[in-house]
Amino acid sequence: MRLRLAPLAALCAAIALAAPPLPPPRRPKLILAIVVDQFRYDYLLRYRTDFTSGLKRLLDQGAVFDDAHYIHVPTVTAVGHSTILSGATPAMSGIVANEWYDRALGKNVTSVTDSNTRLLGAAAGAEGSSPRRMLVSTVGDEIKMSGQESKVIGVSIKDRSAILPAGHMADGAYWFDNKSGHWVTSTYYKDALPPWVEKFNATKPAAKATGADWLPFASKPGAKPFCNMDAVKGDVPKCRSLEASPWGNEMIEEFAEQALAAEKLGQHKGTDVLSVSFSSNDYVGHAMGPDSPEAHDITVRTDRVIGKLFDAIDKSVGMSNVVVFLTADHGVSPVPEVNRDRHMPGGRNISADLSKAIEDGLSARYGAGQWIVGREGWQPYFNLTLIASKKLDEAEVQRTAAAIVRRQPHVFAVFTNQQLLNGPMPGGPVAAGVQNGFYYGRSPDLTIIQDPFYLFSTATENSGTSHGTPFNYDTHVPVIFMGTGIKAGHYFQRVAVNDIAPTISAIVGVQEPSGSVGRVLQEMWQ
Ligand SMILES: [Zn+2]
C-alpha cells in the first residue's frame, strides 16, 4: 500500500505547489493606518495582559508579524513615517533624517518644512510644511492616480508624521501647533482651514489637560500622579508638555474621529486612506525610557485610544469594510544609566568631543580652518569651499576624518559618503542599513554608528534616551494587519516594514508605490 500511495502523495504535493496563490482580500472601503511613535515590538509581549481594547483586538483577530524590522539607518521619525506607506528606503525617498544640512541653503532643513507654504490655523505668516522633499509616491498617491474616487487624510501631533504617510496628493494632513494650541495644516493642501477643523479648534482641545494630574491608568483614589500639567506639587513634578502626556494621544484620536465624520471617510466609491500617528509615546519614551512606569502607562492607554477609534469606525463604516494595520516608526534604546545598573553595556558619548576631535585632526593634517559646516545630529558635513581652496581631494579628507572618528571611544563603524557612492562597502546588516539610508546630496559626509546601547549626548542633554541605530531595539517594531480576508495568527518569518505598502497596494488593487522595495505579504490571505 505504501508503495502505491507514495506516487499519489507526490502528485498531491505537486498539485499543491502548482495551485495558484489565493487572491488578496476584497477591496476595503477604508485603509486605516495606525502608527505609534517609538512603540517597541516587545511592548506587545510585556504588556499583553493589560490590553483589553484596540491592541487586544489587533492581537486576537489580526495577522501579527512578530519579526518585522526597518532595513534603514537612521531609525528616526521622519524616515519611518516616509517608509510606512511608500515601501521605500531613504535611498529611494530622499528622506534621510528628521532634518539635515542643506548645502544650497547653508542651513538645516527638516524633512517637511517648506518656505513656499504658510501654516493655516496658527499665527499669520508662520512657515508651513509639505511633502515636497519626499521623492516617491505613497499608497494614497497611487490610489488617487488610479482614478478612484477617494480621500486621503493624515493626522498626527507632529507635522512630518501627518504629512509623509499621506503623500503628495492627500486631501489634507493635520498636525498640532503647540504655540496656538490649534490643529493646523498648510497652504500646500488648501487655501483655508476646513470649517470642521475651525470648529474643533474652537472647542479648545488642548485646554482639557490644563491643571490635570497624570495618574497611573485605572489607579485607586489617592495614588501618586506621575506629574501635573501646570506646576510642581510637592514631590510630583510638572509634566513636560501636552505632547508628552496621555492627553496628546487622546487629542489625536478625537481629531481623527472628526476627520472620519467630516470627510466621510470610508463612504466614497474608491478606497479612502486615514493615517493616524500617535506621538505621545515618543515624547514619554525619550524622557523616561522604555522600562519606566510612564512608558508602561502610555502603552496601556494607547490600547484604549485605539479601541475608541475602532468603535467610532465600527459605527460609521463598519470594521468589516476596513483593512487596518498598526506599526511604529522606530523603537528605542534603554536609558544608558538603567542599563549600567543592571550590568548591561552602554553609555553616553559627548557629541561636542567628537566634533572637536574631527576639527583638530583635520586642522593638524591639512592646516587650520573651519572643517565642519553643518551637522545632522552629530554627523558632519565638510566645508567643500575650504577643501577646494586647499586643493584637497574630498574623498581623502573624508577618509582622514573617518580614521579620526574610528579612534574615538565606543565607535562601532564609520562610513564615508564617497565609500557609500563608490564602494567598497563591507557586508552585513549594518552596512546594508547604512546603504539603504544613504541619498547623495542630503546624507552627511560621514555616517557614524556607535557601539550598541550607546547614545550621543550633550553636556546639557544627558538624560533619557533615544533611537536611530541599526540595532534590533531600534529596528524591531510591530506589524499587524486586520480585516476581512486576512488570516489571524502569528507569522514569525522576518519581514520588513517596507512590505506594508506593496501589501496594501495589492489589497486595494493599485500600482505599488514608485520607490517600494518590499514584497506582498500574501501568506496572510485567507
Ligand atoms: Zn523619537
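With sequence neighbours excluded, the residues that form a ring pair (Phe, Tyr, Trp, His ring centres under 6.0 Å) with H330 are H467. D50 meets the salt bridge (Lys or Arg N to Asp or Glu O under 4.0 Å) test with no other residue; sequence neighbours excluded. For Y440, there are no ring pair (Phe, Tyr, Trp, His ring centres under 6.0 Å) partners two or more places apart in sequence or in a different chain. With sequence neighbours left out, the salt bridge (Lys or Arg N to Asp or Glu O under 4.0 Å) criterion links E257 to K308. Scored by the side chain to side chain donor-acceptor pair (under 3.5 Å) test, R133 finds no partners at all (sequence neighbours excluded). Listed by chain and residue number, D474 satisfy the side chain to side chain donor-acceptor pair (under 3.5 Å) test with T469 (two or more places apart in sequence, or in another chain). Shown here are the side chain to side chain contact (heavy atoms under 4.5 Å, CB included) partners of S463, two or more places apart in sequence or in another chain: there are none. Remark: P345 pairs with F453 by the side chain to side chain contact (heavy atoms under 4.5 Å, CB included) rule, at least two apart or across chains.
Shown here for Y381 and S443, the closest heavy-atom pair between the two residues is CE2-O, 3.5 Å. Scanning both residues, P74 and H72, for their nearest heavy atoms gives O-CD2, 3.4 Å. Of all heavy-atom pairs between R442 and S93, the closest is NH1-O, 4.4 Å.
Going from atom CE of M134 over to atom CG of L164 covers 5.5 Å, rounded to the nearest 0.5 Å. If you take CZ on F217 and CD1 on I298, they are separated by 11.0 Å, rounding to the nearest 0.5 Å. Distance check, rounded to the nearest 0.5 Å: CD1 of I486 to CZ of F325 gives 11.0 Å. Put simply, CZ on F492 and CG on D67 are 9.0 Å apart, with the number rounded to the nearest 0.5 Å. Between L309 atom CG and L274 atom CG the span is 7.0 Å, to the nearest 0.5 Å. Within the model, atoms NE2 of H490 and CG of L59 stand 6.5 Å from one another, a figure rounded to the nearest 0.5 Å.
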Let me see the working for Q408 and N349 under side-chain contact (heavy atoms from CB on, under 4.5 Å), right down to the final yes or no.
-> CA-CA 9 Å; Q408 302 306 306; N349 285 325; over 6 Å; no
Could you walk me through whether I252 and N249 pass the side-chain contact (heavy atoms from CB on, under 4.5 Å) test, one step at a time?
-> CA-CA 5 Å; I252 294 168; N249 278 354; 3.9 Å; yes
Would you sort out whether T110 and R160 count as a side-chain hydrogen bond (donor to acceptor under 3.5 Å, both in side chains), showing the intermediate values?
-> CA-CA 9 Å; T110 83; R160 55 190 182 267; over 6 Å; no
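Side-chain N/O atoms of Y366 and T400 include a donor and acceptor closer than 3.5 Å. Judged by distance alone, the side chains of S241 and N178 never bring a donor and an acceptor atom under 3.5 Å apart. Between D329 and T77, the side chains place a donor N or O and an acceptor N or O closer than 3.5 Å (distance only, hydrogens not considered).
Across N498, V73, V517, T89, a single residue satisfies side-chain contact (heavy atoms from CB on, under 4.5 Å) together with N436, and that is T89.
Aromatic ring pairs are classed by plane angle as parallel below 30°, tilted from 30° to 60° and perpendicular above 60°; the pair Y41 and H476 is parallel. The aromatic rings of Y174 and F255 sit tilted relative to each other, their planes meeting at an angle between 30° and 60°. Ring geometry, W378 versus F456: the interplanar angle falls from 30° to 60°, so the pair is classed tilted.
Identified under the salt bridge (Lys or Arg N to Asp or Glu O under 4.0 Å) test for residues 226-245, with sequence neighbours left out: K224-D235. Within the structure, every pair that satisfies the salt bridge (Lys or Arg N to Asp or Glu O under 4.0 Å) test and touches residues 274-299, not counting sequence neighbours, is listed here: R46-D291, K158-D282, D291-R342, D297-R301. For residues 86-108, the set of pairs meeting the salt bridge (Lys or Arg N to Asp or Glu O under 4.0 Å) definition, not counting sequence neighbours, comprises R103-D445. Sorted by first and then second residue, the pairs that involve residues 362-371 and meet salt bridge (Lys or Arg N to Asp or Glu O under 4.0 Å), not counting sequence neighbours, are R365-E396.
Aromatic rings of Y491 and F481 (six-membered ring for Trp) have centroids beyond the 6.0 Å cut-off, not under it.
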